[in-house]
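Worksheet: the structure to be examined is printed underneath.
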Amino acid sequence: MQKVSNQSVAELLREIGEYLEMQNIPFKPRAYQKAALAIEGLEEEAADIYQRGGIKALKEIPGVGVSIAEKIEEFVRTGKVRYYEDLKKKTPVNLESLSRVEGLGPKSIKKLYQKLGVSDLAGLEKAAKAGKIAKLTGFGEKSEEKILKGIGFAKSSGSRFLLGYMMPQIRAIEAGLARVAGVTKAIAAGSVRRRKETIGDVDILVVSAKPKEAMDYFVSMPDVVSVIAHGETKSSVKLKSGINVDLRVVPKESYGAALNYFTGSKDHNVALRKIAVAKGWKLNEYGLFSLKGSRGGGGREKVIAGATEEELYKAFGMDYIEPELRENTGELEAARAHQLPKLVGYGDLLGDLQTQTDWTDGSDSIEGLAKAAMARGLRYIAITDHTKRLAMTHGLDAVRILKQMAEIDRLNKKFAGKIVILKGTECDILKDGTLDLPDSVLAKLDVVGVSVHSHFNLPRAEQTERLTRAMANPHADILFHPTGRIINRRPPYDVDMEAIIAHAKKAGTVLEIDALPERLDLKDEYVRKCVEARVPMAIDSDAHAAAHFSLLEWGIAQARRGWATKSDIINTWPLEKMKKFLK
DNA sequence: GCCGTTTTCGGCCCGACTGTTTTCAGTCG
């Protein structure tokens, strides 16, 4: 039995949903999409849940009922789902790649297949370049142009994986290796350790007294689909998810140097090596060496450091540099001057200021979210459901949000002393920069988040003006996912972020770091600009289910990559201080 | 296909925008 990852289960359900949409079947597509979203956010592997408790346990997942649970069962047991295969036979196309093209939905994909035989990106590009698409009824010059543009974007961004969603698999590999006899250390280095938002591959280092056993375990892991290399110190495999993973066994005395070398970034390493050379030293993956006396092949190299990263940086007269900072953007100089920031820690959040419940498009109740937040050690959360403009989510209008506020009052009494639930909103910013709820309602809320979900294509000046107008609302506390990008799927809307940051400072509006792995919005470079401009930020999970609080980790990682400290992040502050700061 | 303060059947998925049309289909959030 091959173990299936949550990502592959989610992808399967999502594709089933899209196939059903091709056939104009109502409601079901949405049910499959919701289930896919829930599976993606799980901490535990769905395959493990099934092994542990069968269909019954799978049904506990919100959005998963008998029918979907049975399909997951079939997928886990056989690696295939009959229902899906039958759907795919009718329209045998590469849905995953085609639907990454912006503006292409299931209906268009079906039409392009039936009329032009398009089944993948290459075929789509050929048809578009030949001008065949524009001639189809329902399409035209502009759609063809848009498709070509979309192909370009899908191509340029499709090959990297989202860290937050890959990490459970990576950690499972680390844990598996750590259990192999002789292994004393197992850690993923590279962009994974630097917590980049996307990763191209995974580099894992192992210290072991029995390297062969670690290698043998590694190449026979259940997710491995092909073994690219299988040697004594290095092996390389491709996993079912499509990602390549390398494993290197390094000697104990070189562990620090190897970890440093394979963590990178390349720019950081090059700069560090240059400093070493200037001192008459040599730095490589085996250690930091003094070359004095060895010139001309005479004397021996003397080891200066190598077993730990701490001693390595210390040898350079530097403070330890956190992996998230290693991009050669000033961290080496700061480390030497002992002026590195004390980064916000992975356990520092006291609250979460963006969560959605089953009042709109979330899958858990307010109470369910509050309990999950408590279990995570959070002291406060804001409930920020969508507003009516986002009709698809059944967004709240003034009447329903007042009802919700009463419900929150009731729950706050129930949970007194344990957690505080703040009344909030993710209020839509309309085209002209006004908000989707009246000021009289906004005034009653503790946390007013505002965000853009429409008109992504406004010209830069107009979009910037729209956002600044929204932020200037006397009740607007936080600008949620400020640039609107979806990694690998949609570029940010065209907006002058320098101006937005400057305006945030002036208007006293907080900018959000949305922790969803596909958003991570603000990105690191803007986080750093906020830190420099002293514009406070909030790290929010954007949770749509109780399990999503675990995603906060990726928002914290992003903040750290942007050099943020606790004082930069308002939801590391105690509740009273945080509330006082909001408008 | 899921779910339950409208509760085991029947409601949910609405509205704006775009590009194609001249009244509408498809996409997106």
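Remember, predicted model here, so these are calculated numbers, not experimental data. A, B, ... follow the sequence lines: proteins, then strands. Residue 1 opens every chain. All values below come from the heavy atoms of this structure, side chains included, with hydrogens, waters and symmetry mates left out.
The side chain of A:Pro29 lies closest to B:dC13 when the candidates are B:dC17, B:dC13, B:dG1. Between B:dC13, B:dG1, B:dT27, one nucleotide has an atom nearer to the side chain of A:Ser108 than all others, and that is B:dT27.
The distance from atom CH2 of A:Trp359 to atom C1' of B:dC12 is 17 Å, rounded to the nearest whole Å.
If you check every strand for non-hydrogen atoms under 4.0 Å, A:Lys110 touches nothing. Using a 4.0 Å heavy-atom distance criterion, A:Leu20 is classed as making no nucleic acid contact. Looking at heavy-atom distances under 4.0 Å, A:His455 makes contact with sugar-phosphate atoms alone, never a base. Counting any heavy atom pair closer than 4.0 Å across all strands shown, A:Lys107 reaches sugar-phosphate atoms only and no base atom.
B:dG19 sits 33 Å from B:dG1 when the C1' atoms are compared, rounded to a whole Å. To the nearest whole angstrom, the two C1' atoms, one in B:dC9 and one in B:dT23, are 36 Å apart. If you take atom P in B:dT6 and the same atom in B:dT20, they sit 45 Å apart, rounded to whole Å. Here the separation of B:dC3 from B:dT8, taken at their P atoms, is 16 Å to the nearest Å.
Defined by atom type and a distance below 3.5 Å, a donor-acceptor pair is missing between the side-chain atoms of A:Arg485 and A:Tyr493.
Both A:Val101 and A:Ser143 sit near DNA chain B, but only A:Ser143 has its closest nucleotide nearer the 5' end. The residue among A:Val452 and A:Ala69 whose nearest nucleotide of DNA chain B lies closer to the 5′ end is A:Ala69.
In summary, the aromatic rings of A:His453 and A:His386 are positioned with their centroids under 6.0 Å apart.
For A:Phe27 and B:dC2, the ring-to-base geometry does not satisfy the stacking test (centroid distance below 5.5 Å, interplanar angle below 30°).
Between A:Asp86 and A:Lys90 there is no salt bridge, since none of the side-chain N atoms of the basic residue sits less than 4.0 Å from a carboxylate O of the acidic one.
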